[in-house]
Amino acid sequence: MVRVRFAPSPTGYLHIGAARTSLFNWLFARHHKGKFILRIEDTDLARSSEEMSRGILEGLNWLGLEWDEGPLYQSERIDVYRKRAEELVGKGCAYNCFCLPEEIRERKEMASSRGEYWEYDRRCLKLSEREKSKFEEEGRPKAIRFLVPEGEIRYSDLIHGPISVASKNIEDFVLLRGDGLPTYHLSVVVDDIEQGITHVIRGDDHISNTPKQILLYKAFGSPLPQFAHLALILGPDKKKLSKRHGVTSILQFREEGYFPLAMLNFLAQMSWSPGEEKRLYSLGEMIKEFSLEKLSKGSPVFDLDKLDWLNGQLISQMSVDELAPYVFEELKRENIIQSEPSGKKKDWYLKLVELLKERSRKIKDFPLRAKPFLSGDIDYDPAGIEKYLRDERLEELLPKLREDFARMESFTVENIEKVLRLRAEKEGVKAALLIHALRMLVVGTPVSPGIFDVLELIGKEKTIERMDKFPEI
RNA sequence: GGCGCUAUCGUCUAGAGGCCUAGGACAGGUGGUUCUCAGCCAUCAGACCGGGGUUCGAAUCCCCGUAGCGCUGCCA
């Protein structure tokens, strides 16, 4: 049975990199009908926060990456890690270290000032019993260091293939800090063992940590999981992801009007390509097609244009009925409407959504475009006025058109078009002249959906009302 | 500094020694449809990091460079 985990540290947001790692774990679990486990790695008490934890869970929930077990909080298991560290000391795989972090920092700084590199020299391993008990009596804090055995550590990464590191390049790392709290290496391995994790799928930043952790598995006498290291997402400048780019919460994307499925496609398609010509996958398709072998090794740069396109595709694929609730929600949030429309009013709103759907890529696009339909308070675009309302002929034509409209009994798309074109023909002008002018008068911008649709939706009365404002412009 | 990982159009990628004159998608250019925008259709431009090998043949394998990233924390 496949068991994978997502193990974020609540010292930061669930950003797009973490969300993608989580997605790949989730897809792998669902593909293999295994379990997806959530673990919160909050052993760094000072920097972890409950608020971050909540945000991470909320982000996962929004994306729909439901977990099967957990969340397990490492901060609640400190005793377990401590015991396991002692166990290794007993086995001779680890030893007490009385060096203070400040002392170590000093030695490193000394060395680097001479242009050298200092690495832990095992001085506490060589301590005599008397020296040790003296330190103990002094109440000097002691850490536990892992005794890195000689040899070469090799493993086969599911994405990268064979990776090997000589253990002489690994220094005796700390397992348990002076304050009794575990370090990452200890807690992650203990929990991966206890939770029966079969596949460790995480970011490439852990590739160099893996040999250390393999050594730990061996010291504990536990079987190794398989490892798969995902290429890290880069920012648009090809540099490491930073706050300038995507290291804000994934929830930010929800605020900006993206759908989870678009987000999921966007995340998955950085490194993953199922090979088909398709671009927007359903969850089911992603689960079915997913495999670690199809992941590429190189770091992708994230490109928001692609996300916009994906979201736009999703919106155009959605039916008006599916889409409308989200749009209404957004209109409410923007205080454009007070409550969800119902009855006849709702039909009108559905037509509006239909009109705006093709030209929208995010839910956030709707309020702005919907505004001219919902309020007579129009912001006239100055450039548009210059371009479309300065023709002298309009002074005479528009009142005539207004009268044409006023006489109409059935103000429908077809009829409006008929009337307008007839008027243009009579006057010997292009219909476009009237159309552009009308658009400016009625919506205030040179861009909108087809004018006849717009007019029908706005209605005869309001259309005329807005046309009458003309002389004041 | 040491160690490790990576390297195909601007971006995401296809490519597992001959199918590659390197394919697709996003973004961009042009044209068409049209009342504008979007869309749709058509079309154009655009890449194998550099150098050496191996091989009849290399984007694909090997080596060396270069660059980027990661680790080198009593952070995770």
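Each chain gets a letter, A, B and so on, in the order the sequences are listed, and its residues count up from 1. Here the structure is a predicted model, which is why all the values come from computation and not from measurement.
- When the C1' atom of B:U13 is taken as reference, atom CG of A:L310 falls 14 Å away, rounded to whole Å.
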Should A:R369 and A:S448 be marked as a side chain to side chain donor-acceptor pair (under 3.5 Å) after you check the CA-CA gap, both sets of side-chain angles, and the distance that decides it? CA-CA 8 Å; A:R369 299 198 173 133; A:S448 85; over 6 Å; no
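- Pairs engaging residues 205-214 of chain A under the salt bridge (charged side-chain N to carboxylate O under 4.0 Å, His left out) rule: none recorded [sequence neighbours left out].
- Remark: C1' of B:G1 and CE of A:M110 are 18 Å apart, rounded to the nearest angstrom.
- Distances shorter than 4.0 Å separate some side-chain N or O of A:S271 from OP1 or OP2 on B:U13.
- Look at the C1' atom in both B:G17 and B:A22: the space between them is 15 Å, to the nearest Å.
- Screening residues 292-303 of chain A for salt bridge (charged side-chain N to carboxylate O under 4.0 Å, His left out) gives no qualifying pairs among residues at least two apart or on separate chains.
- Under the rule for a side-chain contact (heavy atoms from CB on, under 4.5 Å), A:V447 has no partner lying at least two apart in sequence or in another chain.
- Partners of A:H206 according to the ring-ring contact (aromatic ring centres under 6.0 Å, His included) rule, which considers only residues two or more places apart in sequence or in another chain, are A:Y184.
- Pair assignment for B:U11: B:A25, on the basis of Watson-Crick or G-U wobble contacts that are both within less than 3.5 Å.
- For the P atoms, the distance from B:U60 to B:C49 is 8 Å, rounded to whole Å.
- There is a side-chain donor-acceptor pair under 3.5 Å between A:N415 and A:T412.
- Between the P atom of B:U11 and the CG atom of A:L304 lies a distance of 15 Å, rounded to the nearest Å.
- Nucleotide B:U6: paired with B:A67 (Watson-Crick or G-U wobble, both distances less than 3.5 Å).
- Checking B:C20 for Watson-Crick or G-U wobble geometry (two distances, each under 3.5 Å) identifies no partner in any strand.
- The gap from the C1' atom of B:A38 to that of B:G32 amounts to 16 Å, rounded to the nearest Å.
- Qualifying side-chain contact (heavy atoms from CB on, under 4.5 Å) partners for A:P446, counting only residues two or more places apart in sequence or in other chains: A:D381, A:Y388, A:M440.
- With P as the reference atom, B:A47 and B:G24 are 14 Å apart, rounded to whole Å.
- By the 30° and 60° cut-offs, the orientation of the rings of A:F290 relative to A:F24 is parallel.
- Between A:I435 and A:D305, it is A:D305 whose nearest contact on RNA chain B lies nearer the 5' terminus.
- Using the Watson-Crick or G-U wobble rule with both distances under 3.5 Å, B:U54 pairs with nothing in any strand shown.
- In this view, A:Y326 and A:F259 satisfy the ring-ring contact (aromatic ring centres under 6.0 Å, His included) rule, not counting sequence neighbours.
- The nearest whole Å value for the distance from the CG atom in A:D303 to the P atom in B:C9 is 14 Å.
- Shown here are the side-chain contact (heavy atoms from CB on, under 4.5 Å) partners of A:A94, two or more places apart in sequence or in another chain: A:L88, A:V89, A:I144, A:L175.
- Applying the Watson-Crick and G-U wobble criteria (two distances, each under 3.5 Å), B:A76 pairs with nothing in any strand.
- Nucleotides B:G10 and B:G28 place their C1' atoms 9 Å apart, quoted to the nearest Å.
- Atoms NZ (A:K306) and P (B:G24) sit 15 Å apart, rounded to a whole Å.
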Summarise protein proximity over nucleotides 67-76 of chain B in one line of letters, 5' to 3': B for base, S for sugar-phosphate only, - for none, counting protein heavy atoms closer than 4.0 Å. -SSBSSSBBB
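- Taking a pair to require two hydrogen-bonding distances under 3.5 Å in either a Watson-Crick or a G-U wobble arrangement, B:U60 remains unpaired.
- Counting only distance, with no hydrogens or angles, the side chain of A:S112 and the backbone of A:G115 share no donor-acceptor pair below 3.5 Å.
- Dashed line: the shortest gap from a side-chain N or O of A:R421 to OP1 or OP2 of B:C35 is under 4.0 Å.
- One interatomic measurement links the two molecules: NZ of A:K297 to P of B:U8, which rounds to 12 Å at whole-angstrom precision.
- Taking atom C1' on both nucleotides, B:C19 is separated from B:A58 by 15 Å, rounded to a whole Å.
- Residue order along RNA chain B, read from the 5' end via each residue's closest nucleotide, puts A:M270 first among A:A432 and A:M270.
- Cation-pi geometry between A:R39 and A:F6 is not met at under 6.0 angstrom from the ring centre and within 45 degrees of the axis.
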Kindly determine whether A:V454 and A:R439 satisfy side chain to side chain contact (heavy atoms under 4.5 Å, CB included), including the steps that lead there. CA-CA 9 Å; A:V454 171; A:R439 173 172 289 115; over 6 Å; no
Each nucleotide N or O in nucleotides 60-62 of chain B that has a protein N or O under 3.5 Å away: list the pair and distance.
none

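- Rounded to a whole Å, the CZ atom of A:F302 is 13 Å from the P atom of B:U13.
- Partners of A:Y120 by ring-ring contact (aromatic ring centres under 6.0 Å, His included), not counting sequence neighbours: none found.
- Taking atom P on both nucleotides, B:C12 is separated from B:C48 by 16 Å, rounded to a whole Å.
- A heavy-atom distance below 4.0 Å to RNA chain B is reached by none of the residues of residues 80-88 of chain A.
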Please encode protein proximity along nucleotides 36-44 of chain B as a string of B, S and -, counting only heavy-atom distances under 4.0 Å. BBBS-----
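- A donor atom on one side chain and an acceptor atom on the other are found under 3.5 Å apart for A:T210 and A:H229.
- The number of heavy atoms from other shown groups lying within 6.0 Å of NZ (A:K126) is above 12.
- Distance check on atom C1': B:G4 versus B:G23 gives 33 Å, rounded to whole Å.
- Distance A:F227 CZ to B:G4 P: 18 Å, rounded to the nearest Å.
- Nucleotide B:G39 forms a Watson-Crick or G-U wobble pair with B:U33, both donor-acceptor distances falling under 3.5 Å.
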